[in-house]
2 protein chains.
Amino acid sequence: MEQKTAIEAFAALAQETRLGVFRLLVQAGPDGLTAGDIAAHIGVPASTLSHHLGILERAGLLRSWRVQRQIYYATDYEGTRRLLAFLMEDCCRGLPELCGTALSDLVACCPKPTVDA
Amino acid sequence: MEQKTAIEAFAALAQETRLGVFRLLVQAGPDGLTAGDIAAHIGVPASTLSHHLGILERAGLLRSWRVQRQIYYATDYEGTRRLLAFLMEDCCRGLPELCGTALSDLVACCPKPTVDA
DNA sequence: TTGACATTTCCACAATTATAGAAATATTCT
DNA sequence: AGAATATTTCTATAATTGTGGAAATGTCAA
């Protein structure tokens with residue numbers, strides 16, 4: 001992953017409405033939600049939401065597909081994984097004993113070498 | 001973790017110089033590097049770097065301490081872990097079978113319930 | 001083909017932020 | 001005390017971004 005791509009993704013998450021949308025969809029799972037459902041949950045006008053969904057999708061954090069009149073959005077789990085792997089790449093030079101348990105139970109920074117995808 | 005705190009952290013990472021600094025320090029491990037070393041690695045003026053280090057530290061992503069004339073900076077692993085846990089909280093409603101393996105080998109989103117710290 | 005529905009694109013304004021030089025602060029050595 | 005070193009604070013300018021109404025687009029039912 002390129003630095004530029006990662007910055008785009010973090011910028012996408014660094015905004016109240018978008019972070020709310022992303023977390024809502026993480027919790028919703030792979031089936032996702034329609035744009036309308038998301039707007040109702042988050043409480044923003046459709047035009048504003050659409051703008052933010054576009055930013056999240058272009059950043060590789062969401063994917064979308066149409067079903068009849070509605071557009072579904074869901075977390076792009078692989079894109080998200082790549083982002084976090086990039087962030088923690090080569091954590092502690094691969095030496096588990098340096099990290100302690102702080103990250104090891106959440107991110108595979110030490111137990112296994114991180115592969116940049 | 002509050003949403004506001006997480007936004008501050010993602011905004012901190014959403015910038016070329018700061019993302020470079022953070023990743024450099026992730027790889028440097030708990031011993032950290034001095035501000036001067038970081039400036040040399042990244043190639044920015046001291047005043048610019050200082051500004052960015054302050055933003056990363058206030059966001060809970062770095063910690064710092066003085067040793068004689070120099071100030072060391074290192075990753076705040078616990079702060080980082082809290083941020084990623086917040087992002088992936090209640091992933092897939094806690095149902096491993098929904099996630100596939102995309103995140104499970106990086107983030108404990110499905111294998112164990114994520115605790116918001 | 002007309003109308004209703006779901007979402008996106010366009011637009012303009014307000015607010016936030018990156019940058020780096022100069023000066024200030026803090027620490028150490030002689 | 002005075003000079004040298006390491007870093008931060010101050011300041012101003014340039015550039016980027018969030019917002020939501022109105023209009024446009026795409027989809028479907030009658």
Side-chain angles (χ1 to χ4, degrees), chain A residues 3-25 28 31-76, chain B residues 3-25 28 31-76:
Chain A
Q3 163 126 323
K4 200 177 150 199
T5 310
I7 287 170
E8 194 180 348
F10 286 124
L13 293 171
Q15 204 277 333
E16 192 177 343
T17 303
R18 291 194 298 261
L19 182 55
V21 168
F22 183 83
R23 297 215 317 139
L24 177 66
L25 291 175
D31 292 346
L33 295 172
T34 65
D37 284 343
I38 298 169
H41 270 280
I42 302 285
V44 292
S47 69
T48 301
L49 180 67
S50 178
H51 175 233
H52 291 307
L53 288 171
I55 289 172
L56 284 163
E57 185 168 23
R58 265 175 268 126
L61 294 167
L62 301 184
R63 64 201 165 83
S64 69
W65 63 97
R66 178 183 286 277
V67 175
Q68 302 204 337
R69 287 190 227 184
Q70 295 166 319
I71 300 190
Y72 280 81
Y73 285 87
T75 306
D76 183 336
Chain B
Q3 163 127 323
K4 201 178 150 197
T5 309
I7 286 170
E8 193 180 348
F10 287 124
L13 294 171
Q15 204 279 330
E16 191 177 343
T17 303
R18 290 194 299 260
L19 182 55
V21 168
F22 183 83
R23 297 216 316 140
L24 177 65
L25 290 175
D31 292 346
L33 296 172
T34 65
D37 284 343
I38 299 169
H41 270 279
I42 302 285
V44 292
S47 68
T48 300
L49 179 67
S50 178
H51 175 233
H52 290 307
L53 287 171
I55 289 173
L56 284 163
E57 185 169 22
R58 265 175 268 125
L61 294 167
L62 301 184
R63 64 202 164 83
S64 68
W65 63 97
R66 179 183 285 276
V67 174
Q68 303 203 338
R69 287 191 226 185
Q70 295 166 318
I71 299 190
Y72 280 80
Y73 284 88
T75 307
D76 182 337

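These numbers come from the heavy atoms of this one structure, side chains and all, not from hydrogens, waters or symmetry mates. Below, chains carry the letters A, B, ... as their sequence lines are ordered, and counting in each starts from 1. Just so you know, these numbers come straight off a predicted model, no measurement behind them.
- Looking at heavy-atom distances under 4.0 Å, Ala35(B) makes contact with sugar-phosphate atoms alone, never a base.
- Tyr73(A) has a side-chain polar atom (N or O) that falls below the 4.0 Å cut-off from OP1 or OP2 of dT8(C).
- Here OH of Tyr72(B) is found 9.0 Å from CG of Asp31(B). Values are rounded to the nearest 0.5 Å.
- One can place CD1 of Ile7(A) at 12 Å from C1' of dA18(C), the figure rounded to the nearest angstrom.
- Among the heavy atoms of the strands lying under 4.0 Å from His52(A) are primed sugar atoms or P, OP1, OP2 only; no base atom is included.
- OP1 or OP2 of dT19(D) lies within a sub-4.0 Å distance of a side-chain N or O belonging to Gln15(A).
- Among dT7(D), dT8(C), dA18(C), the nucleotide with an atom closest to any side-chain atom of Ile55(B) is dA18(C).
- Nearer the 5' end of DNA chain D, as judged by each residue's closest nucleotide, is the contact made by His51(A), out of His51(A) and Gln68(A).
- As rounded to whole Å, 14 Å separates atom P of dT7(D) from atom CD of Glu57(B).
- Closest approach of Leu33(B) and Ala28(B) over heavy atoms only: CG-CB, 4.0 Å.
- We find that CG of Asp37(B) is positioned 14 Å from C1' of dT5(D), with the value rounded to whole Å.
- Across the protein-nucleic acid pair, Glu16(B) atom CD and dT17(C) atom C1' stand 15 Å apart, rounded to whole Å.
- Counting to the nearest Å, the P atom of dT8(C) and the CG atom of Leu53(A) are 6 Å from each other.
- Nearest-nucleotide positions on DNA chain D place Gln70(B) closer to the 5' end than the other of Val67(A) and Gln70(B).
- In this structure, CG in Leu25(A) is found 10.5 Å from CG in Leu61(A), a value given to the nearest 0.5 Å.
- For the pair Ser47(A) and Arg69(A), both in contact range of DNA chain C, the more 5′-proximal nearest nucleotide belongs to Arg69(A).
- In this structure, the CD1 atom of Ile71(B) is 11 Å from the P atom of dT28(C), given to the nearest Å.
- Distances shorter than 4.0 Å separate some side-chain N or O of Arg18(B) from OP1 or OP2 on dA18(C).
- As a whole-Å value, the separation of Tyr72(B) OH from dT8(D) P is 14 Å.
- The shortest distance between the side-chain N/O atoms of Thr48(A) and the OP1/OP2 oxygens of dG18(D) is not below 4.0 Å.
- Taken to the nearest 0.5 Å, the CG atom of Leu56(A) stands 9.0 Å off from the CD atom of Gln15(A).
- Ile42(B) places its CD1 atom 15 Å from the P atom of dA18(C), with the value rounded to the nearest Å.
- Applying the 4.0 Å criterion to OP1 and OP2 of dT27(D), one finds that Arg66(A) has a side-chain N or O inside that range.
- With rounding to the nearest 0.5 Å, the separation of CZ in Arg58(B) from CG in Leu53(B) is 10.5 Å.
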